[in-house]
Engineer: 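Mind having a look at this structure? Questions to follow.
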Amino acid sequence: MTGRTHTVNNQVPPLVGYDVFAADRALTAAVERHLDPGLLDEALGELSGLGRTSGSAQVQEWGALANENPPRLRTHDRYGNRVDEVEFHPSWHRLLGKGVSAGLTTAWTRPGGHVRRAAAFLMWTQVEAGNGCPLSMTHAAVPALRTDPELAAEWEPRLTSEVYDRDLRPAHLKAGALFGMGMTEKQGGSDVRANQTSARPLAEDGTYELTGHKWFCSAPMSDGFLVLAQAPGGLTCFLVPRVFEDGTRNVFLIQRLKDKLGNRSNASAEVEFDGTWARRVGEEGRGVRTIIEMVAATRLDCVLGSAGLMRQAVAQAVHHCTHRTAFGGKLVDKPLMRNVLADLAIESEAATTLALRLAAAYDDGGEQERALLRIAVPTAKYWVTKRCPAVAVEAAECLGGNGYVEESGLPRLVRESPLNSIWEGAGNVQALDVLRALQREPGALDAYLREVGQARGADHRLDGAIKNLLTELADLEGVEGRARRLAERLALVLQGSLLVRFAPPEVADAFCAARLGGDGGAVFGTLPHTLDLASVVERARPVS
């Protein structure tokens, strides 16, 4: 039916057909800042290419389809044979293939690889966050495998390949492979030392037989898995291949797929090992130490993923308000809406700036940078992932009722937003890890203070926050009950120091006023009206 009542006007055009990388000024500035000049032209070309792909209507449609058609578990074939396979919509495979070919698992093998990958991962999350799980696991498995040179030589070329091979077949016949991980069990959760899965030695060559149940197994369709189990010498890390060299399958019984709030496109499973063949990685009894580098890398991906979700939420909100007219003018020009958008924008830029700084520390690899990562990764994981849900919900509100409708894409962002805070250790785990670094590793605190000290004298509110933080750090006795508050302060001071050094004055001024100076409220949209909020919003506008 057509007629005057069906004329569509004042509706916002979809945010498609743009370069997600070039449109993100905070991200492009961070890449240019942290990469060696000799790598810039190549890296910027690659990232802009991925940015155009990420912003295309076709790839965004793939993301929507992958979430509308979640994976299905097929435990048996038509004859009753156990197969334990997970079936995905074709859009999932297209996305995962693009992610692999874009270098999201190659950071360890190329110059400036972590910064380049971080920027790409942050962008790719904005298309579809679920396929980031196998990409993250595969990327993060490399440092754990390097504890065993023989295993690393066998598997690393497959994991760092830019070829996606979806078929379940012997890994040595594949041009590329993916890895998953299984640490948590139903009785222990984050307390992995309570794991009950047992590992019985088969021979002196480091092979074992596993028996047990994993409550959460990430990416169960992968070619291999790093898991923790109790060997005679204590909790140990193992590599579990999915398919043997002769083509037969290892015992990997997928009991069910989790029905999750968000992350619908990605399969998370419960699996059972019953005489499952495994290869030891590292020494017996040192499983946590072996796998800790993998955990640190995936925690950084939690920060990057949350930063990506925030950026997409802010881009959608600013785009909507730039085109939408209400109460006699553009929404973006209304003082109160401008305040909300600017507040969201500084949160997003602070997250992006911090995440890329940590990626650069991985590329540097020096002793001081490693010490900084020891405290800054759990700090950032704690804070940035917790800010993500608030940003996503507020951004959806900027779209009004349209933001509550699935077609807008905002509900998917809202459902996805809490995950990174839970995955790889929830808030208390991160806060306590920060506390352990402060108490047991003096080099970590020294590296942190050197980092934030580079901005001293540039803003009086930052100086005051550093002074207050030093006072609190002077007494760490009985501090566990306030570990969350301490982690928050460490994160805000670190973000403030980076923005004061590297962001435009209007962004740094707004952040320091609201987050460090006490001039902001408990919700978004409470920035001091005297700030240059229009410039902050314009910087966040997704125009390339």
Engineer: Does the side chain of Asn468 pick up a donor-acceptor pair with the side chain of Thr471 at under 3.5 Å?
Structural biologist: no
Engineer: Hey, what do you get for CE (Met137) to OG (Ser222), rounding to the nearest 0.5 Å?
Structural biologist: 9.0 Å
Engineer: Over all heavy atoms of both residues, which pair between Glu416 and Gly262 is shortest? Give the atoms and the distance, please.
Structural biologist: OE1-C, 4.1 Å
Engineer: Walk me through whether Glu367 and Arg450 qualify under salt bridge (Lys or Arg N to Asp or Glu O under 4.0 Å).
Structural biologist: CA-CA 13 Å; Glu367 183 178 348; Arg450 287 193 191 98; over 6 Å; no
Engineer: Give a yes or no on whether the backbone of Asn10 and the side-chain of Arg324 come within a donor-acceptor separation of less than 3.5 Å.
Structural biologist: yes
Engineer: If you measure only the distance, is there a donor-acceptor pair under 3.5 Å linking the side chains of Asn131 and Trp124?
Structural biologist: yes
Engineer: Are the charged groups of Glu488 and Arg485 less than 4.0 angstrom apart, N to O?
Structural biologist: yes
Engineer: Any idea which heavy atoms bring Ala540 and Arg311 closest together, and the distance?
Structural biologist: O-NH1, 2.9 Å
Engineer: Can you tell me if Asp301 and Ser136 form a side-chain donor-acceptor pair at under 3.5 Å?
Structural biologist: yes
Engineer: Is the shortest heavy-atom distance from the side chain of Ser306 to the side chain of Arg387 under 4.5 Å?
Structural biologist: no
Engineer: Can any side-chain N or O of Ser348 pair as donor or acceptor with the backbone N or O of Ala345 at less than 3.5 Å?
Structural biologist: no
Engineer: Just so I know, are the side chains of Leu490 and Leu486 near enough to count as touching, which here means a heavy-atom distance under 4.5 Å?
Structural biologist: yes
Engineer: Is it true that Glu506 and Arg539 have a side-chain N and a carboxylate O under 4.0 angstrom from each other?
Structural biologist: no
Engineer: Answer yes when Arg374 and Glu441 have at least one side-chain N-carboxylate O distance shorter than 4.0 Å, and no when they do not.
Structural biologist: yes
Engineer: For the residue pair His323 and Val318, establish whether any side-chain heavy-atom pair is separated by less than 4.5 Å.
Structural biologist: no
Engineer: With a sphere of 6.0 Å drawn around CD of Glu480, does it hold more than 12 non-hydrogen atoms of other residues, nucleotides or ligands?
Structural biologist: no
Engineer: I need the Asn263 CG to Ser218 OG distance, nearest 0.5 Å.
Structural biologist: 9.0 Å
Engineer: What's the shortest heavy-atom distance between Leu356 and Ala119, and which atoms?
Structural biologist: CD1-N, 4.3 Å
Engineer: Are the side chains of Leu399 and Tyr404 in touch, meaning some heavy atoms are under 4.5 Å apart?
Structural biologist: no
Engineer: Between the side chain of Thr184 and the main-chain N/O of Gly189, is any donor-acceptor distance below 3.5 Å?
Structural biologist: no
Engineer: Find the distance between CG (Leu309) and OG (Ser417) and round it off to the nearest 0.5 Å.
Structural biologist: 7.0 Å
Engineer: Does a salt bridge link Arg541 with Asp24, judged by any charged N lying under 4.0 Å from a carboxylate O?
Structural biologist: no
Engineer: Look only at the side chain of Thr298 and the backbone of Val295, and say whether a donor-acceptor pair between them is shorter than 3.5 Å.
Structural biologist: yes
Engineer: Does Arg33 count as lying over the ring of Phe502, i.e. NZ or CZ under 6.0 Å from the six-ring centre, within 45 degrees of the axis?
Structural biologist: yes
Engineer: If you define the side chain from C-beta out and look only at heavy atoms, does anything of Leu96 sit under 4.5 Å from Pro134?
Structural biologist: yes
Engineer: Verify side-chain contact (heavy atoms from CB on, under 4.5 Å) between Glu42 and Arg116, making sure each step is shown before the conclusion.
Structural biologist: CA-CA 10 Å; Glu42 179 185 58; Arg116 296 162 77 158; 2.9 Å; yes
Engineer: Could you check whether atom NZ of Lys98 has more than 12 heavy atoms from other residues, nucleotides or ligands sitting under 6.0 Å from it?
Structural biologist: no
Engineer: Quick one: do Arg110 and Asp363 satisfy salt bridge (Lys or Arg N to Asp or Glu O under 4.0 Å)? Show the steps, please.
Structural biologist: CA-CA 10 Å; Arg110 61 193 316 210; Asp363 278 330; over 6 Å; no
Engineer: For the residue pair Ala144 and Leu226, what are the closest heavy atoms and their distance?
Structural biologist: CB-CD1, 3.7 Å
Engineer: Go through the steps for Thr353 and Phe511 under the test side-chain contact (heavy atoms from CB on, under 4.5 Å), then give the verdict.
Structural biologist: CA-CA 13 Å; Thr353 303; Phe511 184 90; over 6 Å; no
Engineer: Of all heavy-atom pairs between Leu304 and Ala355, which one has the smallest distance, and what is that distance?
Structural biologist: CD2-CB, 3.6 Å
Engineer: Only one of Arg412, Arg264, Arg415 passes salt bridge (charged side-chain N to carboxylate O under 4.0 Å, His left out) with Glu406; say which it is.
Structural biologist: Arg415
Engineer: For the residue pair Lys381 and Leu300, establish whether any side-chain heavy-atom pair is separated by less than 4.5 Å.
Structural biologist: no
Engineer: Can a side-chain donor-acceptor contact be found between His114 and Trp108 if the only test is distance below 3.5 angstrom?
Structural biologist: no
Engineer: Could you tell me whether the side chains of Arg501 and Ser497 share a donor-acceptor contact shorter than 3.5 Å?
Structural biologist: no
Engineer: Quiz question: by atom type and distance under 3.5 Å, do the side chains of Ser48 and Asp19 form a donor-acceptor pair?
Structural biologist: yes
Engineer: Are any of the side-chain heavy atoms of Trp92 and Asn266 separated by less than 4.5 Å?
Structural biologist: yes
Engineer: Do we see a donor-acceptor contact under 3.5 Å between the side chains of Glu128 and Ser265?
Structural biologist: yes
Engineer: Side chain of Thr109, backbone of Thr106: donor and acceptor closer than 3.5 Å?
Structural biologist: yes
Engineer: Do the side chain of Asn339 and the main chain of Leu527 share a donor and acceptor less than 3.5 angstrom apart?
Structural biologist: yes
Engineer: Would you check if the side chain of Ser56 reaches a backbone N or O of Thr53 as a donor-acceptor pair within less than 3.5 Å?
Structural biologist: yes
Engineer: Might you point out which heavy atoms bring Leu470 and Leu449 nearest each other, and give the distance in Å?
Structural biologist: CD2-CD2, 3.8 Å
Engineer: Applying side-chain contact (heavy atoms from CB on, under 4.5 Å), run through His139 and Leu104 and close with a yes or a no.
Structural biologist: CA-CA 7 Å; His139 157 74; Leu104 291 176; over 6 Å; no
Engineer: Working to the nearest 0.5 Å, report the span between CE of Met310 and OG1 of Thr352.
Structural biologist: 7.5 Å
Engineer: With a 4.5 Å cut-off on side-chain heavy atoms, are Arg357 and Leu372 touching?
Structural biologist: yes
Engineer: Checking Lys334 against Phe327: charged group under 6.0 Å from the ring centre and within 45 degrees of the axis?
Structural biologist: no
Engineer: Hey, are Lys330 and Asp333 close enough for a salt bridge, meaning a charged N less than 4.0 Å from a carboxylate O?
Structural biologist: no
Engineer: Are any side-chain N or O atoms of Asn69 and backbone N or O atoms of Leu65, one a donor and one an acceptor, separated by less than 3.5 Å?
Structural biologist: yes
Engineer: Identify whether the distance between the nearest side-chain nitrogen and carboxylate oxygen of Glu293 and Arg299 falls below 4.0 Å.
Structural biologist: no
Engineer: Please check: side-chain N/O of Gln430 versus main-chain N/O of Glu424, any donor-acceptor pairing under 3.5 Å?
Structural biologist: yes
Engineer: How about Ser268 and Lys260: does a side-chain donor come under 3.5 Å of a side-chain acceptor?
Structural biologist: yes
Engineer: Within this structure, what is the CH2-CZ distance for the pair Trp383 and Arg484, rounded to the nearest 0.5 Å?
Structural biologist: 11.0 Å
Engineer: How many angstroms lie between CG in Leu492 and CG in Leu354, if you round to the nearest 0.5 Å?
Structural biologist: 10.5 Å
Engineer: I would like to know whether Phe524 and Val391 meet side-chain contact (heavy atoms from CB on, under 4.5 Å); could you show each step before the answer?
Structural biologist: CA-CA 8 Å; Phe524 291 110; Val391 169; 3.7 Å; yes
Engineer: Is a side-chain N or O of His319 found less than 3.5 angstrom from the main chain of Pro13, in a donor-acceptor match?
Structural biologist: yes
